[in-house]
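Everything on this sheet refers to the single structure shown next.
Both counts, for ligands and for their atoms, begin at 1 and track the order of listing.
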Amino acid sequence: MNDPDLAVGIDVGGSSIKCALVDLRSGRFASERFSVPTPAHGSVDALLDALATAAAHLPGGHAVGVAFPSVIRNGIVRTAANINKDWIGQPLAARAAAHLGRSVTAINDADAAGFAEQRYGAAHDATGTVLVLTLGTGIGSALFVDGRLVPNTELGHLQVRGMEAEQRASGRAKVERALDWDAWAAELNLVLAEMHALLWPDLIVLCGGITEEPERFLDKLRCEAPLRIGALRADAGIVGAALATTLAAPASR
Ligand code: BGC
C-alpha cells in the first residue's frame with residue numbers, strides 16, 4: 001500500500017505546469033520536480049493532456065492535488081480570468097481523475113500556496129487574520145482566520161483607484177507595463193493599502209516567482225501589517241496542492 005503521507009501536487013501556472021511528489025509530514029519534495037509548458041491558449045483537452053504528461057513523471061498510486069488559477073467549488077471551475085473561458089463550468093477534479101486514472105482534488109492556486117505557507121512556511125506561527133498573496137500572472141489571494149481558510153477570495157480583482165489590483169501589481173503587470181522595481185513597488189503599495197484598509201490582517205505573506213528576488217523591492221514596500229516573503233517560494237503551489245488531498249474528499253469520488 002502507498003504511504004498515506006505522500007501525495008502528488010500539480011501547480012498549473014500561466015507558463016508552466018509543475019509537479020512533484022510531496023512528503024506531507026515535512027512539506028518537502030519526495031521526488032524531483034518536473035514541469036511541462038502550459039499549452040498556449042490551452043483548450044480544456046490540451047491542458048488535461050499536459051496534466052497527464054506531468055503526472056506520468058511521478059510514481060502512481062498516490063492521491064493528486066491540482067492547484068488551478070480560478071475559483072474552484074466542489075471540484076468545478078467557476079471563473080477563468082487568465083485561462084481559456086471554456087474552463088468555466090468544467091468539473092476539473094472529475095475530468096482530471098478520469099484522464100490521470102487517479103483520485104484528484106482541485107483547489108484554487110492561491111489557496112494552495114496559502115495552505116503550504118500556513119502549514120510549513122512563513123505563516124506557520126501566525127494567528128488571527130492572515131492574507132497570503134501570490135504575485136504571478138494574476139494576483140491570487142488566500143485568507144485565513146485563526147488558521148481556517150476563507151476559500152476563493154479573489155482579491156486580485158479588487159478595484160484599486162479605478163484599476164484591478166492584478167493589473168496594477170502582478171508579476172505579469174511588472175513586465176507588461178515595463179515597471180522598474182520602484183514603480184512596481186509603488187503599485188503594490190497601493191494594492192496593499194487597499195487590502196489592509198478592508199481586512200486589517202495581522203500578517204501579509206507575499207508569494208510568487210517575483211518574490212524570488214526580495215532584495216529588489218522589500219525595502220520599498222510600506223504596509224501597516226507585517227509583511228513576510230513566502231518561505232516555500234516557487235514550490236508553495238505544488239506543496240499546497242498535495243496538502244489539499246488531505247483536506248477534503250475529492251469531488252471526483
Ligand atoms: C484568478 C485567481 C487566481 C489568481 C492567481 C486570478 O486572476 O482569478 O483565481 O488565484 O489569478 O493565479
Residue, atom name and distance, where the atom is the protein heavy atom closest to atom 9 (O) of ligand 1
Glu154 OE2, 2.5 Å
Ion pair check, Asp45 and Arg95, cut-off under 4.0 Å:
yes
Let me confirm one number: the OG1-CD1 distance from Thr105 to Ile72, rounded to the nearest 0.5 Å.
11.0 Å
Within 6.0 Å of CD in Glu212, more than 12 heavy atoms from elsewhere:
yes
For ligand 1, which part of Ala81 has a heavy atom less than 4.0 Å away: the side chain, the backbone, both, or neither?
side chain
If you measure from each heavy atom of Gly136 to ligand 1, is any distance below 4.0 Å?
no
Ligand 1 atoms nearer than 4.0 angstrom to some heavy atom of Gly140 are 4 (C), 5 (C), 10 (O)
To the nearest 0.5 Å, how far apart are CG in Leu92 and OG in Ser70?
7.0 Å
Is there a heavy atom in Ile139 that sits closer than 4.0 Å to ligand 1?
yes
I need the nearest protein heavy-atom contact for atom 10 (O) of ligand 1: residue, atom name and distance, please.
Asp109 OD1, 2.5 Å
Parallel, tilted or perpendicular: ring planes of Trp181 versus Phe217, cut at 30 and 60 degrees
parallel
Name the orientation class of the two ring planes belonging to Phe34 and His57 (parallel below 30°, tilted from 30 to 60°, perpendicular beyond 60°).
parallel
Which of the atoms of ligand 1 are close to Asn108, meaning less than 4.0 Å from one of its heavy atoms?
2 (C), 3 (C), 9 (O), 10 (O)
From CG (Asp125) to CD (Gln118), nearest 0.5 Å:
11.0 Å
Would you say Thr134 has any N or O atom under 3.5 Å from an N or O of ligand 1, going by distance alone?
no
Check ligand 1 against Ser70 and write out every atom of the ligand that is under 4.0 Å from a heavy-atom position of the residue.
9 (O)
How close does the nearest protein non-hydrogen atom get to atom 11 (O) of ligand 1, and which residue and atom is it?
Glu166 OE1, 3.7 Å
Counting only nitrogen or oxygen atoms and a 3.5 angstrom limit, does Asn82 reach ligand 1?
yes
The atoms of ligand 1 lying under 4.0 Å from a heavy atom of His157, numbered in the order shown, are 1 (C), 6 (C), 7 (O), 8 (O)
One should read off an interatomic distance between Arg78 CZ and Asn108 CG, to the nearest 0.5 angstrom, of 13.5 Å
